[in-house]
A.B. asks: 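Below: one structure in structure tokens.
Both ligands and their constituent atoms are indexed starting at 1 by order of listing. Computed from a predicted structure; not experimentally measured. Counting begins at 1 with the first residue of the sequence.
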Amino acid sequence: MSTEERPPSWVINPEIPSVARMYDYYLGGKDNFAADRRAGDRAVEAVPYVAEFVRANRRFLSHAVTLMARRGVRQFIDIGSGLPTQENVHQVAQRVVPDARVVYVDNDPIVLVHGRALLAGDPFTTVVQGDLREPQAVLDHREVAAQIDFDRPVGLLMLAILHFVHDEDGPARIVEQLRKRLASGSFVALSHGHAGRISPEAESQVRSAYGGTAAGDIVPRTPEQIMAFLDGTELLGPGLVPVEAWTPDTEPFTPDLAKAGFLAAVGRIP
Ligand SMILES: C[S@@+](CC[C@H](N)C(=O)[O-])C[C@H]1O[C@@H](n2cnc3c(N)ncnc32)[C@H](O)[C@@H]1O
């Protein structure tokens, strides 16, 4: 870790559940502790199909990155990248564009440790510690500036992260600040938790499971609120739909939003 990287107020603590490690647990990974599994199990008890939409979210990542790369994007920023798993952004992008540049950004130090180990020796890819709630610091980060040419199109991914940005932190302002820096022809892909029509008890159990994590809460938002993050972009594929239904070739349709899950969309900045 370079001296410029500010350590967060918390460090890798196996007793405090981490949303990155809980996500790893849902995906069947090994980089999680008992506290993460306990919190994850409480969420799964309330919403038993969590692992299904989490896996679908990884397929969405693959579809979105492939589409962007085929449309000529050669550089990607993945904010809230999570612990490395299979088919990370650089592996997907570099199948289409072998020298695609990828910057992974996450505020969980465990992501930095595992990411740096995975990426050691890859000159086109880097992982930095950064916080989405401080978008200017992310954009100005030395390693971001070294990899990304903001005069050219960028593929910006914010998958399953914005629901960890609480309303008082101004998620709309944050997304706007990031978008403003992107050149015309850039793409924004996002997925975001929504509560569907699950019972208030189930929603409050999920929120209380996440309330004990370092992120502090998970904030499900309505389709309208999520859509607002992409205002002014040209939506690709089906528009904003449940993540399991998003492919680049799916026609727009009116989704059934009864189940809780992630809503996903990809927008092109005109
Ligand atoms: C649920 S995981 C999603 C991982 C990956 N984006 C995906 O969709 O497969 C959310 C990630 O966002 C990170 N995260 C949460 N809040 C963050 C913040 N304010 N800044 C940066 N990363 C954050 C967590 O550490 C975690 O790794």
A.B. asks: Enumerate the atoms of ligand 1 whose separation from the nearest heavy atom of D108 is less than 4.0 angstrom.
C.D. replies: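 Near D108, the atoms of ligand 1 are 25 (O).
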A.B. asks: In terms of side-chain heavy atoms, does R42 have a donor or acceptor partner in S208 at a distance below 3.5 Å?
C.D. replies: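 Result is yes, a qualifying pair exists.
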A.B. asks: Are F76 and H90, when compared by the centres of their aromatic rings, separated by less than 6.0 Å?
C.D. replies: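 F76 vs H90: aromatic centres not under 6.0 Å.
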A.B. asks: Which atoms of ligand 1 sit under 4.0 Å from any heavy atom of N57?
C.D. replies: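 Those qualifying, in numeric order: 7 (C), 8 (O), 9 (O).
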A.B. asks: State whether a side-chain donor-acceptor pair under 3.5 Å links N57 with Y23.
C.D. replies: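 Their side chains do contain a donor-acceptor pair, which is all the 3.5 Å distance test asks for.
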A.B. asks: Is any N or O atom of L159, backbone or side chain, closer than 3.5 Å to an N or O atom of ligand 1?
C.D. replies: yes
A.B. asks: Quick one: does ligand 1 sit under 4.0 Å from the side chain of S81, the backbone, both or neither, non-hydrogen atoms only?
C.D. replies: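 Just the backbone.
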A.B. asks: So, 4.0 Å and heavy atoms of G130: is ligand 1 close enough to count as a contact?
C.D. replies: yes
A.B. asks: Would you say ligand 1 has an N or O under 3.5 Å from any N or O of D78?
C.D. replies: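 Such a contact does not occur with ligand 1.
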A.B. asks: Compute the shortest N/O to N/O distance between L132 and ligand 1 and return yes if it is under 3.5 Å, no if not.
C.D. replies: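 N/O-N/O distance under 3.5 Å: yes.
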A.B. asks: Quick one: does D131 get an N or O within less than 3.5 Å of an N or O on ligand 1?
C.D. replies: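 Yes, there is a polar N/O contact under 3.5 Å.
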A.B. asks: Around atom CZ of R70, are there more than 12 heavy atoms of other residues, nucleotides or ligands at under 6.0 Å?
C.D. replies: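 It does not: R70 CZ has 12 such atoms or fewer within range.
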A.B. asks: Looking only at side chains, do D78 and S81 share a donor and an acceptor under 3.5 Å apart?
C.D. replies: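 Note: D78 and S81 side chains miss the donor-acceptor criterion.
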A.B. asks: Apply the test ring-ring contact (aromatic ring centres under 6.0 Å, His included) to residues Y210 and H163: give CA-CA distance (whole Å), side-chain angles for both, the deciding distance (0.1 Å), then the verdict.
C.D. replies: CA-CA 11 Å; Y210 278 89; H163 44 237; 7.8 Å; no
A.B. asks: Can a salt bridge be assigned to the pair E176 and K180 using a cut-off of 4.0 Å between side-chain N and carboxylate O?
C.D. replies: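 No, E176 and K180 are not salt-bridged.
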A.B. asks: Considering only heavy atoms, does D106 approach ligand 1 within less than 4.0 Å through its side chain, its backbone, both, or neither?
C.D. replies: both
A.B. asks: Judged on heavy-atom distance to atom 6 (N) of ligand 1, which of G82, A20, G80 sits nearest?
C.D. replies: G80
A.B. asks: Does a side chain donor of either T126 or E143 reach within less than 3.5 Å of an acceptor in the other side chain?
C.D. replies: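 The criterion, which ignores hydrogens and geometry beyond distance, is satisfied for E143 and T126.
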A.B. asks: Do ligand 1 and S191 have nitrogen or oxygen atoms that lie under 3.5 Å from each other?
C.D. replies: no
A.B. asks: Which one holds for I161 and ligand 1: side chain close, backbone close, both close, or neither close, with close meaning a heavy atom under 4.0 Å?
C.D. replies: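 The part of I161 near ligand 1 is the side chain, not the backbone.
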